[in-house]
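Here's the structure we're looking at; comments come further down.
Throughout, a chain's letter reflects where its sequence line sits, starting with A, and its residues are numbered from 1. FYI, side chains are in, hydrogens and waters are out, and symmetry mates aren't considered; it's all heavy atoms of this structure.
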Number of protein chains: 2
Amino acid sequence: MQGTESNLNQFRNHLDQFSTLSDLQFKVVVDHIKIRKLKKHEVLLHEDQVVDHTFWINKGLLISTFTQDDGREHIIQFAIENCWITDQQAYYNQERSKFRITCLEDAEVFALSYESRETLCAEIGELSHFFRRKANDSFVKLQQRLLTYLTSDAQQRFELLCEEYPTLIQRISKKRLAAYLGVTRETLSRFTRS
Amino acid sequence: MQGTESNLNQFRNHLDQFSTLSDLQFKVVVDHIKIRKLKKHEVLLHEDQVVDHTFWINKGLLISTFTQDDGREHIIQFAIENCWITDQQAYYNQERSKFRITCLEDAEVFALSYESRETLCAEIGELSHFFRRKANDSFVKLQQRLLTYLTSDAQQRFELLCEEYPTLIQRISKKRLAAYLGVTRETLSRFTRS
DNA sequence: CATAAAAATTGACATACATCACTAATTTCA
DNA sequence: TGAAATTAGTGATGTATGTCAATTTTTATG
């Protein structure tokens, strides 16, 4: 990691959430990290771009989006501090991205390349364990999200989102909440009236 | 693993798909496996049951389902030969299951306890790697499924499912395909008419 | 094989949500 | 600060899909 004023405590706490890394191990990880600073509206990852990094968010708010042929845009993920974001499919298979990652607030992210991650996981069992747990947790959360599509109508999905992420939704326009929930902004607007 | 006539080649091939295990490593894994044979309609996992195993399917077809308060049943996953199935959330957090896992065809499954899995992953780096990759792949597939809800109407979702799993859908009733796709059987029936 | 049970089909009608068109409010940034 | 761009709200109307009810077809089982 290049010289920076970034406080790494947060990152270390994050990595230690399932099992603890030694000081040395953490240092080895940090040496593979590249820092990127981004301005609001900046695009971190374009569609059709080769995805060789995953990004941990130290500060800021980003979204990954998928744009349909007809121009409709869907939000795959909101990502704030302590979240990871990338196009997983493209990252793991070294393919081109189907998603775009855009910065909604000025941000600082830690970039970890695919190669670095594989090297580190092979060297550091605890890190492999971390990413294994992390992947499982992400899966479970996504499954929960899918389940709300199967069980709940748009208004209920909106209310559940408000309950689960009360602070997040205040940082995000209703237009984008709609794009995440899978409804039009008009429909969402009619919910919030009442 | 208790004495059995099961052919383990298939299981070994499965585990070797991302990186190869040695004969010894594979033996260690197999020693943690318990075999279960199930009849059609048999329930492998009930709702509210503590989930201490994940199951690899050697033979057969199972589904995991979530039942809403009003009785509507949604299919979370179809699982055939070479798939793993469990209630991930409950398994990883040692909680009670929200899903039910039911056998749709006579089956033979390999049960791996949570404890065994963690022990094995700690001992065998290649296995940790396997489950990490596996979790990532599952995540990507689930994300793709979610995306079809955001981008496609019910008929398109049905057609995509037919394209992707042409053989699977022949083993499954339309009622259940509907419960997977998030439509009523009546609506699905109207698609297949034409 | 016969009977019961489950699954599939079909029609009539209800409803949640989308679309389109317009106006109002808010934010951006020159 | 003020004009332009973006976001939000609202009504009228269309459409995909759900609901209910009845019938037919297929599958399961003694």
Return all side-chain donor-acceptor pairs below 3.5 angstrom for residues 54-62 of chain B, not counting sequence neighbours, or 'none' if the list is empty.
from	atom 1	to	atom 2	distance (Å)
B:Asn58	ND2	B:Glu108	OE1	2.6

*Just by distance, do the side chain of A:Arg12 and the backbone of A:Leu21 share a donor-acceptor pair under 3.5 Å?*
yes
Minimum-distance nucleotide to [X] side chain [options: [options]]:
| X | options | result |
| --- | --- | --- |
| A:Lys175 | D:dT17, D:dT7, C:dC17 | D:dT7 |
| B:Asp153 | C:dT9, D:dG18, D:dT17 | D:dT17 |
| A:Arg190 | D:dT7, C:dA18, C:dT19 | C:dT19 |
| B:Phe191 | D:dT17, C:dC17, D:dA12 | D:dT17 |
| A:Val183 | C:dC17, C:dT9, D:dG18 | C:dC17 |
| A:Glu186 | C:dA21, D:dT17, C:dA8 | C:dA21 |

*Cation-pi check, A:Arg171 onto A:Tyr165 ring (under 6.0 Å, within 45° of axis)*: no
*asked:* Under 4.5 Å between side-chain heavy atoms, counting indirect links through other Ile/Leu/Val/Met/Phe/Trp/Tyr residues: same cluster for A:Phe110 and A:Val28 or not?
replied: yes
Separation of [X] atom [atom1] from [N] atom [atom2], in whole Å?
| X | N | atom1 | atom2 | value |
| --- | --- | --- | --- | --- |
| B:His74 | D:dG18 | NE2 | C1' | 13 Å |
| A:Gln156 | C:dT15 | CD | C1' | 14 Å |
| A:Tyr149 | D:dT17 | OH | P | 15 Å |
| B:Arg72 | D:dG18 | CZ | C1' | 9 Å |
| B:Arg185 | D:dT25 | CZ | C1' | 15 Å |
| B:Leu104 | D:dT27 | CG | P | 15 Å |
| A:Arg176 | D:dT7 | CZ | C1' | 10 Å |
| A:Gln155 | C:dA18 | CD | P | 13 Å |

*Evaluate the ring-ring contact (aromatic ring centres under 6.0 Å, His included) criterion for residues B:Tyr91 and B:Trp84: first the C-alpha distance (whole Å), next the side-chain angles of each, then the deciding distance (0.1 Å), finally the verdict.*
CA-CA 12 Å; B:Tyr91 178 73; B:Trp84 292 86; 9.0 Å; no
*Below 4.0 angstrom, N of the basic side chain to O of the carboxylate: do A:Glu42 and A:Lys37 qualify?*
no
*Give B:Ser173 one of three labels, base, sugar-phosphate or nothing, depending on what nucleic acid heavy atoms sit under 4.0 Å from its own.*
sugar-phosphate
Do any side-chain nitrogens or oxygens of [X] fall under 4.0 Å of OP1 or OP2 in [N]?
| X | N | result |
| --- | --- | --- |
| A:Thr184 | C:dA18 | yes |
| B:Ser189 | C:dT9 | yes |
| B:Lys174 | C:dA8 | no |

*If an axis is fit to five pairs at each end of the helix from C:dC1-D:dG30 to C:dA30-D:dT1, what is the angle between the two, to the nearest 10°?*
60°
*Count the heavy atoms of every other residue, nucleotide or ligand shown that sit under 6.0 Å from CD of A:Glu115, and state whether that count exceeds 12.*
no
*Taking atom CZ of B:Arg185 as the centre, report whether more than 12 heavy atoms of other residues, nucleotides or ligands fall under 6.0 Å from it.*
no
Return the polar atom pairs (N/O with N/O) between nucleotides 24-30 of chain C and the protein under 3.5 Å, or none.
from	atom 1	to	atom 2	distance (Å)
C:dT28	OP1	A:Lys40	NZ	2.9

*To the nearest 0.5 Å, what is the distance between OG (A:Ser152) and CD (B:Gln68)?*
6.5 Å
*Going by atom types only, do B:Glu126 and B:Gln25 share a side-chain donor-acceptor pair under 3.5 Å?*
yes
